[in-house]
Amino acid sequence: MDAPSAVTAGPGPIAEAVEQFRGTIVALGGGGFSMSETGESGIDDELLLMASRRSTASDLPHVCFVPTASGDSRDYIERFEAAFEARARTHVLSLFGQAPWDYHDPVMVLDMDLIYVGGGSTANLLSLWRRHGVDQRMREAAADGTILAGISAGANCWFEASSTDSFGPLSPLDDGLGFLQGSACPHRHGEPGREASFRKP
């Protein structure tokens, strides 16, 4: 994937994909278990409530963490499992095949009530998802009622375009999945330079 140029979102495959998308997406610019010292988060509580309403099972909702953008960081996965333990049946979609989670076929997301995508490199996430067919499985899951959510890169990915530091300095990225129209800028109010970079022509 080449380094990004100016953000544009005109007619084409992405615009067509936006029109066809059906589902619920919760894009988080910040917050959640990964930004909480205790792992507790009102945002995550609300996501779990949404997942519980969607769940057809009599027990806990099925929640899948997708840590692709962090390279399947072991620490990140363990923090997710600790934050959602006893409140959900947790799953991890691993594309890197690291034990104990190992590689999973992305078809597993079709059985989830909530898919929670972690932060990291937006560019790497998009590249790997397309190579493994995760993007298509996400679309299918959402169409069937699965809630899609994510923070930082996990929020960027759903849009046509976004602001990212995947290539070093903050830059525009214009080849997102296009499930949502427009562009995203995570951490806009929490990190210096984010807003100025996003507004820069």
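Residue indices begin at 1 and follow the sequence shown.
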Any residue meeting side chain to side chain contact (heavy atoms under 4.5 Å, CB included) with Ile25, in chain and number order, not counting sequence neighbours: Phe21, Leu148, Trp158, Phe179, Leu180
Centroid-centroid distance, Phe84 to Phe65, less than 6.0 Å: no
Minimal non-hydrogen separation, Ala141 against Ile115, with atom names: CB-CD1, 4.1 Å
Trp101 side chain reached by Leu93 side chain, heavy atoms, under 4.5 Å: no
Nearest non-hydrogen partners of Asp72 and Gly97, listed with the distance: OD2-N, 4.4 Å
Partners passing side-chain hydrogen bond (donor to acceptor under 3.5 Å, both in side chains) against Thr68 (at least two apart in sequence or in another chain): Trp129
For Arg137, all residues meeting salt bridge (Lys or Arg N to Asp or Glu O under 4.0 Å), sequence neighbours excluded: Glu140
Pairs meeting criterion salt bridge (Lys or Arg N to Asp or Glu O under 4.0 Å) with involvement of residues 85-105, two or more places apart: Asp45-Arg87, Asp59-Arg89
Gap separating the OG1 atom of Thr24 from the CZ atom of Arg54, nearest 0.5 angstrom: 10.0 Å
Summary of salt bridge (Lys or Arg N to Asp or Glu O under 4.0 Å) pairs that have at least one residue in residues 115-124, sequence neighbours excluded: none
Partners meeting side-chain hydrogen bond (donor to acceptor under 3.5 Å, both in side chains) with Asp135 (sequence neighbours left out): none
All side chain to side chain contact (heavy atoms under 4.5 Å, CB included) counterparts of Ser52, not counting sequence neighbours: Pro61
Heavy-atom closest pair, residues Leu125 and Ala69: CD1-CB, 3.9 Å
Test salt bridge (Lys or Arg N to Asp or Glu O under 4.0 Å) applied to Asp111 - qualifying residues, sequence neighbours left out: none
Those residues that, when tested against Arg53, pass side chain to side chain contact (heavy atoms under 4.5 Å, CB included) (two or more places apart): Glu46, Leu49
Under 3.5 Å donor-acceptor, Ser152 side chain and Gly154 backbone: no
Heavy-atom closest pair, residues Leu114 and Ala149: CD1-CB, 4.0 Å
Side chain proximity check, Thr146 to Val109, heavy atoms < 4.5 angstrom: no
Pairing residues for Tyr103 by the ring pair (Phe, Tyr, Trp, His ring centres under 6.0 Å) criterion, not counting sequence neighbours: His132
Nearest-0.5 Å distance that lies between atom NE2 in His62 and atom CG in Asp113: 6.5 Å
Euclidean distance, Leu177 CG relative to Glu160 CD, rounded to 0.5 Å: 11.0 Å
Exercise: identify the closest heavy-atom pair between Phe33 and Ala83: CB-CB, 3.6 Å
All side-chain hydrogen bond (donor to acceptor under 3.5 Å, both in side chains) counterparts of Ser73, not counting sequence neighbours: none
Note, Val92 side chain near Glu81 side chain (heavy atom, < 4.5 Å): yes
With Ala27 via side chain to side chain contact (heavy atoms under 4.5 Å, CB included) - residues at least two apart: Ala155, Phe159
Rounded distance [0.5 Å steps], CE in Met112 versus CD1 in Ile147: 13.5 Å
Distance (rounded to the nearest 0.5 Å) between His104 NE2 and His91 NE2: 9.5 Å
Side chain to side chain contact (heavy atoms under 4.5 Å, CB included) between Leu47 and Tyr116, intermediate numbers included: CA-CA 9 Å; Leu47 287 173; Tyr116 199 133; 3.6 Å; yes
Point-to-point distance, once rounded to the nearest 0.5 Å, from CG of Asn156 to OG1 of Thr122: 4.0 Å
Pro100 versus Arg74, closest heavy-atom pair with distance: CD-NH1, 3.8 Å
SB check Asp144 Arg139 (cutoff 4.0 Å): no
Heavy-atom side-chain proximity of Val63 to Leu48 below 4.5 angstrom: yes
